[in-house]
There are 2 protein chains.
Amino acid sequence: MSVRIKDIAERVNRSITTVSRALNGYDDVSPETKQLILKTAKEMGYSPNTFAQRLQKQQSDTIGLILPTFSPRFSDPYFSELLAGIGNKAADLGFDLLVSTRSPGPEENETYEKLIDGRRVDGFIVVRTRKQDQRINYLLSRGFPFVAFGRTDDCDRFSYVDEDGYFGMQLIAEYIAGLKHEKIACILPPQDLAFSEKRLAGLQAGLAEFDLTLREEYIREGDLTQKSGYQLGGELLDLPDRPTAIVACNDLMAFGVMSAAQDRGLVVGEDVSITGFDDIPMSEYSYPPLTTVHQPVYQIGGMVCEMLIRQICEEIQDLQQVLLKPELIIRQSCRSYT
Amino acid sequence: MSVRIKDIAERVNRSITTVSRALNGYDDVSPETKQLILKTAKEMGYSPNTFAQRLQKQQSDTIGLILPTFSPRFSDPYFSELLAGIGNKAADLGFDLLVSTRSPGPEENETYEKLIDGRRVDGFIVVRTRKQDQRINYLLSRGFPFVAFGRTDDCDRFSYVDEDGYFGMQLIAEYIAGLKHEKIACILPPQDLAFSEKRLAGLQAGLAEFDLTLREEYIREGDLTQKSGYQLGGELLDLPDRPTAIVACNDLMAFGVMSAAQDRGLVVGEDVSITGFDDIPMSEYSYPPLTTVHQPVYQIGGMVCEMLIRQICEEIQDLQQVLLKPELIIRQSCRSYT
DNA sequence: AGTATAAACCAAAACGTTTTGGATGTCAAC
DNA sequence: GTTGACATCCAAAACGTTTTGGTTTATACT
């Protein structure tokens with residue numbers, strides 16, 4: 001069916017070894033032979049059998065990405081962008097990307113185990129880290145290469161890239177407080193996610209600079225979807241003493257809050273101020289355009305991927321820990337409280 | 001390092017053949033031996049080397065998915081949901097999913113070529129089909145298995161799943177026309193995409209039932225992002241004789257149009273009616289909730305994947321062509337024109 | 001002439017499976 | 001006691017590479 005090295009070898013009357021070495025650019029092949037082999041290989045339409053190479057080389061040139069899908073309808077623009085960042089970088093560096101989608105839990109861990117045991121990937125990218133992250137503990141315990149996007153409660157033993165959520169929320173807090181808001185509410189990500197408490201802490205720290213605190217009743221925990229933003233935002237706005245500003249911990253929830261506000265006849269950016277986090281492309285064209293914190297997700301995907309591949313190829317062995325300073329993007333979803 | 005069949009064979013004093021056959025459940029192994037082998041394999045923590053198996057079996061148990069990323073910031077909730085549908089089904093059926101992200105063009109085609117030549121995948125899922133689809137022509141010319149999500153101008157030679165965009169837009173047209181709108185505008189997908197003209201034709205057919213036609217000046221072509229919906233929606237609304245209803249060909253663009261309308265002080269669902277297409281989860285929680293056409297993207301992902309795997313395993317050889325009847329989801333972004 | 005060096009090549013082993021085509025032994029039937 | 005059927009097992013080949021550890025030949029140096 002398809003052309004093997006053996007076929008080329010027979011055609012040019014050389015050994016398999018010589019053909020292989022010529023193809024791989026070794027210099028113990030005479031220039032003429034090399035030329036001939038390359039030409040013949042091309043003519044015959046040779047291309048190597050990947051699995052044979054991988055079996056022999058004992059590496060898969062593949063990186064694994066297991067996306068945690070929280071709901072059955074996993075609809076998140078954030079992840080498609082991250083995926084593109086990872087995928088393009090992997091392709092540039094000659095690696096395959098093996099993607100799996102699993103909801104958090106035992107099945108997810110089994111998937112990691114299976115991919116490692118079958119030697120199908122050389123390393124993993126772990127996304128959306130949890131405070132106590134079983135995936136990371138497992139990978140650490142097996143000594144398997146990975147790079148995380150996000151930190152954990154105990155993250156000095158592995159490489160990661162993360163945005164500085166504390167700092168980002170501090171910027172938000174300072175901005176909102178600077179706008180003279182005092183009744184400030186917040187919709188947090190699920191508690192078990194690592195960035196949840198960092199963002200809360202940053203928000204509180206920023207407010208503290210203005211001698212403000214976050215009232216208990218103004219804190220809600222969402223699941224990062226627009227739906228939950230809508231529901232929790234609605235609850236907050238229906239409070240007898242309703243907040244004048246609502247800080248959502250991602251853009252999607254912020255959009256939900258905006259809908260809830262508009263539902264109640266409130267004008268966003270007038271009657272109530274709302275902020276997001278992530279700066280997904282949509283947030284520039286919402287109504288009103290959303291004030292948020294920019295996170296260069298595409299680039300982060302590329303960085304994480306490159307760090308992992310470097311680590312696999314053993315160009316790097318020390319830990320790399322990158323913390324990105326996010327930037328506040330001021331648009332029109334907030335105004336000063338009078 | 002890791003346990004091989006050979007190691008088990010030595011331990012139980014049987015041949016490699018017998019161990020392999022026991023592990024694979026053949027019945028020419030005595031029950032006691034089989035028991036022993038299975039137990040020993042477990043004890044020793046054996047798991048097969050995937051690449052050795054694939055090399056021998058001459059199949060990759062992997063399906064390829066090359067996502068066409070239009071913009072550098074590829075941010076589309078639709079695709080993450082599709083990916084989850086495909087990924088979960090693939091995992092259920094014991095297949096790996098190899099994902100690549102490439103913008104349409106020569107690089108994209110090379111990626112298909114490379115994956116086929118390296119025998120890295122057993123088949124492809126082709127998404128977001130174009131009228132004249134080079135990817136499909138290429139796969140057809142090489143006789144390589146694939147299933148498409150979407151049709152093309154010439155689609156009687158391959159298997160696909162598609163929603164009936166013609167029918168869906170007809171539903172929209174009938175609904176809008178039934179609401180007594182006459183000045184109806186439309187924002188189409190990029191012309192080269194296969195569903196573009198189908199949706200336009202369906203819209204026109206639906207309107208024709210009410211003796212309405214689409215004015216030339218009311219037709220725009222977007223790129224399916226919220227941004228383009230915002231810009232083109234703005235253009236339409238700034239027309240001297242502005243439309244009273246705007247039909248966007250996907251939800252994301254509809255959101256953009258909604259923002260443009262609100263920007264101009266118009267109340268969506270009052271002063272102007274707007275519809276979408278896809279029914280992504282977000283559309284239920286926009287303001288106002290979006291009237292749209294439902295497309296079961298997650299399920300479609302699963303179907304396409306299953307069809308492909310069946311085809312690869314040769315359980316099916318005849319073409320399978322599935323056309324899904326979509327459903328109109330009426331929410332609050334439209335009202336009757338008075 | 002003899003010796004070292006370098007250039008060009010190659011046979012065979014290795015990677016870890018599955019499959020082919022038997023071999024061996026036991027038992028029942030004639 | 002031969003025959004056939006059956007159960008159990010296995011050596012060796014195959015999948016398509018890369019690598020190891022050479023050999024051979026020509027050239028340069030003493």
Side-chain angles (χ1 to χ4, degrees), chain A residues 1-38 40-41 44-62 94 96 114-122, chain B residues 1-38 40-41 44-62 94 96 114-122:
Chain A
M1 184 98 204
S2 56
V3 187
R4 284 127 49 229
I5 281 193
K6 198 182 166 194
D7 301 317
I8 302 177
E10 280 165 10
R11 179 105 135 225
V12 299
N13 258 324
R14 292 295 131 93
S15 73
I16 288 182
T17 308
T18 301
V19 175
S20 170
R21 308 217 104 212
L23 256 17
N24 287 294
Y26 284 78
D27 59 1
D28 59 353
V29 182
S30 79
E32 304 84 51
T33 310
K34 186 170 181 171
Q35 208 54 37
L36 175 65
I37 289 174
L38 257 28
T40 316
M44 299 176 79
Y46 170 75
S47 76
N49 181 307
T50 316
F51 294 129
Q53 287 182 317
R54 291 180 179 173
L55 173 59
Q56 160 63 35
K57 291 226 193 114
Q58 293 288 82
Q59 54 174 355
S60 66
D61 289 339
T62 301
D96 282 347
K114 247 193 287 186
L115 290 180
I116 297 178
D117 286 341
R119 297 157 201 84
R120 274 191 282 195
V121 300
D122 292 332
Chain B
M1 184 99 206
S2 55
V3 186
R4 285 126 50 228
I5 281 194
K6 199 181 165 197
D7 301 318
I8 302 177
E10 279 165 11
R11 178 106 137 222
V12 299
N13 259 325
R14 293 295 130 94
S15 73
I16 288 183
T17 308
T18 301
V19 175
S20 171
R21 309 217 102 213
L23 255 18
N24 288 294
Y26 285 78
D27 58 2
D28 59 352
V29 181
S30 79
E32 303 83 52
T33 310
K34 187 169 179 171
Q35 208 53 37
L36 175 65
I37 289 175
L38 258 28
T40 318
M44 300 178 76
Y46 170 75
S47 75
N49 181 307
T50 317
F51 294 129
Q53 288 181 315
R54 290 180 179 174
L55 173 59
Q56 160 63 34
K57 291 224 193 119
Q58 292 288 82
Q59 52 173 359
S60 65
D61 289 340
T62 302
D96 281 348
K114 245 191 288 184
L115 291 180
I116 297 179
D117 287 342
R119 298 157 200 86
R120 273 189 283 195
V121 299
D122 291 331

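Numbers restart at 1 for each chain; the letters A, B, ... are given by sequence-line order, proteins then strands.
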Visitor: Using whole Å, what does the distance between atom C1' of nucleotide D:dG16 and atom CD of A:Glu10 come to?
Guide: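 After rounding, the gap between these two atoms is 14 Å.
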Visitor: Keeping the roles fixed (side chain from A:Asn24, backbone from A:Ser20), state whether a donor-acceptor pair exists under 3.5 Å.
Guide: yes
Visitor: Please answer whether the main-chain N or O of A:Phe51 pairs with a side-chain N or O of A:Asn49 as donor and acceptor at a distance below 3.5 Å.
Guide: yes
Visitor: Ignoring hydrogens and angles, tell me if any N or O in the side chain of B:Thr33 forms a donor-acceptor pair with the backbone of B:Val29 under 3.5 Å.
Guide: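 It does not hold such a pair.
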Visitor: Five pairs per end, C1' atoms only: what is the angle between the end axes of the helix from C:dA1-D:dT30 to C:dC30-D:dG1, to 10 degrees?
Guide: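 Taking the rotation axis at each end, their angle is 60°.
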Visitor: Could you give the CG-to-P distance, from B:Asp7 to C:dG16, as a whole number of Å?
Guide: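 In whole Å, C:dG16 P and B:Asp7 CG are 9 Å from each other.
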Visitor: May I ask you to decide if B:Lys114's main-chain N or O and B:Asp117's side chain share a donor-acceptor pair within less than 3.5 Å?
Guide: no
Visitor: Could you state the interatomic distance from CD (A:Gln35) to OG (A:Ser30), rounded to the nearest 0.5 Å?
Guide: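 Reported value, rounded in 0.5 Å steps: 10.0 Å.
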Visitor: Return the value, rounded to whole Å, for the distance between atom CD of A:Gln59 and atom C1' of D:dT18.
Guide: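 So the two atoms are 12 Å apart, to the nearest Å.
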Visitor: Applying salt bridge (charged side-chain N to carboxylate O under 4.0 Å, His left out), which residue pairs with at least one partner in residues 16-36 of chain B are found, sequence neighbours left out?
Guide: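 Every pair satisfying salt bridge (charged side-chain N to carboxylate O under 4.0 Å, His left out) with a residue in residues 16-36 of chain B: B:Arg21-B:Asp28.
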Visitor: Report the distance from atom CZ of A:Arg119 to atom C1' of C:dT17, rounded to the nearest whole Å.
Guide: 11 Å
Visitor: Can you see which heavy atom on A:Ala22 is nearest to which on A:Leu38, and at what distance?
Guide: O-CD1, 4.2 Å
Visitor: Does B:Thr50 use its side chain to pair, donor to acceptor, with the backbone of A:Arg120 at less than 3.5 Å?
Guide: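 No: the side chain of B:Thr50 does not pair with the backbone of A:Arg120.
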Visitor: Whole-Å distance between C:dT18 C1' and B:Arg4 CZ?
Guide: 16 Å
Visitor: Just distance, no hydrogens or angles: give the donor-acceptor pairs under 3.5 Å from side chains in residues 52-59 of chain A, sequence neighbours left out.
Guide:
residue, atom, partner, partner atom, Å
A:Arg54, NE, A:Ser60, O, 3.0
A:Arg54, NH2, A:Ser60, O, 3.4
A:Arg54, NH2, A:Asp96, OD2, 2.9

Visitor: If I take atom CG in residue B:Leu23 and atom C1' in nucleotide C:dT18, what distance separates them, rounded to the nearest angstrom?
Guide: 12 Å
Visitor: For A:Asn24 and D:dT18, is the shortest distance between a side-chain N/O and OP1 or OP2 below 4.0 Å?
Guide: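 Indeed, a polar side-chain atom of A:Asn24 lies that close.
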Visitor: Provide, to the nearest angstrom, the distance between the CD atom belonging to B:Gln53 and the P atom belonging to C:dT18.
Guide: 5 Å
Visitor: Could you list, one pair per line, each protein nitrogen or oxygen that sits under 3.5 Å from a nitrogen or oxygen of nucleotides 24-26 of chain C, together with the distance?
Guide:
none

Visitor: Can you tell me if A:Tyr26 touches the phosphate of C:dA8, counting only side-chain N or O atoms and a distance under 4.0 Å to OP1 or OP2?
Guide: no
Visitor: For a quick test of reading the model: is some side-chain N or O of B:Gln58 closer than 4.0 Å to OP1 or OP2 of D:dG16?
Guide: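 Checking D:dG16 against B:Gln58, a side-chain N or O does come within under 4.0 Å of OP1 or OP2.
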Visitor: In the 5'-to-3' direction, what one-character label does each nucleotide of nucleotides 5-14 of chain D receive under the scheme B = base within less than 4.0 Å of a protein heavy atom, S = sugar-phosphate only, - = no such atom?
Guide: ---BBBBB-B
Visitor: Report yes if a side-chain nitrogen or oxygen of A:Ser20 is closer than 4.0 Å to either non-bridging phosphate oxygen (OP1 or OP2) of D:dT17; otherwise report no.
Guide: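 For D:dT17, neither OP1 nor OP2 has a side-chain N or O of A:Ser20 closer than 4.0 Å.
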Visitor: When the distance from NZ of B:Lys57 to P of C:dT18 is rounded to whole Å, what number comes out?
Guide: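 Value for this atom pair: 6 Å.
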Visitor: A:Asp61: which residues meet the salt bridge (charged side-chain N to carboxylate O under 4.0 Å, His left out) condition with it, sequence neighbours left out?
Guide: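 Residues passing salt bridge (charged side-chain N to carboxylate O under 4.0 Å, His left out) with A:Asp61: none at all.
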